[in-house]
Amino acid sequence: MKKNMLNLITSLFFCIVYFLFILLVFKVVFTVIDDGAIAEILSGALKGKPDAHVVYIKYPLAFLLAGMYSLIPEFSWYGIFLVFVEFICIYIVIFKIVEINRSFLKKVLASLFFLLAFTGIFILGFVGFTYTSVAGLVIGTSFLLFINYKKGLLQKEKSNRIFNRYIAFINWIFN
């Protein structure tokens with residue numbers, strides 16, 4: 001239990017530092033017109049009041065986001081949601097990396113290598129995010145969890161049930 005908590009905290013630390021770095025170094029924006037239009041519909045910029053009838057997103061989530069725009073219209077709730085999903089996906093991957101490696105040095109080096117490789121490969125989809133790039137990240141994270149489940153790495157741990165439920169929920173939203 002203590003080891004698992006340390007892994008959770010270590011993973012959270014890496015994730016927070018990485019996201020702060022990204023937000024300070026890069027300008028994070030919607031790069032496709034669709035996402036800007038979805039945000040405008042949800043926020044009420046087009047009709048004068050928040051509306052949950054948008055494309056791509058299932059109605060229950062759109063209803064929740066439109067409700068958040070009604071409560072606090074100053075925040076870009078759609079953008080916050082997409083960044084939150086990205087954060088959780090990166091967190092899950094880092095957690096798996098930290099969990100698999102035994103020594104602290106290996107945990108740090110493997111996590112840094114992943115973040116560096118991820119940044120090199122996916123940075124444009126990450127800072128110029130779209131619904132599609134976030135959906136791709138969710139699919140990749142789901143695939144990682146599926147492979148680990150098949151190898152028997154996920155069957156013993158309680159925390160993985162939470163991850164699996166989250167990924168199942170997000171996959172339902174994005175499909």
Transitive ILVMFWY side-chain link F14 to F113, under 4.5 Å: no
Gap between atom CD of E40 and atom OH of Y78 - 0.5 Å precision: 12.0 Å
Heavy-atom pair with the smallest gap, counting every atom of T119 and Y18: OG1-OH, 2.6 Å
Non-hydrogen atoms of W77 and L65 that approach each other most closely: O-CD2, 3.7 Å
Single-linkage hydrophobic cluster V17~F95, side-chain heavy atoms < 4.5 angstrom: no
Single-linkage hydrophobic cluster L116~V98, side-chain heavy atoms < 4.5 angstrom: no
CZ (F63) with more than 12 external heavy atoms under 6.0 Å: no
Hphob cluster co-occupancy, L24 + F26, side-chain heavy atoms under 4.5 angstrom: no
Nearest heavy atoms of R102 and K107, plus distance in Å: O-CE, 3.5 Å
Same cluster (ILVMFWY, side-chain, under 4.5 Å), F81 and F75: yes
Nearest non-hydrogen partners of K96 and L144, listed with the distance: CG-CD2, 4.2 Å
CZ/F13: more than 12 non-hydrogen atoms of other groups inside 6.0 Å: no
Approximate separation, where rounding is to 0.5 Å, of I94 CD1 and N7 CG: 12.5 Å
Atom pair CG/CD1 of L137 and I88 - distance to nearest 0.5 Å: 11.0 Å
Reported CG-to-CD1 distance for the pair L115 and I97, which is rounded to 0.5 angstrom: 7.0 Å
Sole residue of L6, T10, L109 in side-chain contact (heavy atoms from CB on, under 4.5 Å) with F104: T10
Which atom of H53 lies closest to which atom of Y59, heavy atoms considered: NE2-CE1, 3.8 Å
No-hydrogen, no-angle side-chain donor-acceptor test under 3.5 Å, T132 and Y56: no
V108 and N101, any side-chain heavy atoms less than 4.5 Å apart: no
Backbone of Y131 reached by a side-chain donor or acceptor of D35 within 3.5 Å: yes
Over all atoms of both residues, closest heavy-atom pair of L42 and P50: O-CB, 3.1 Å
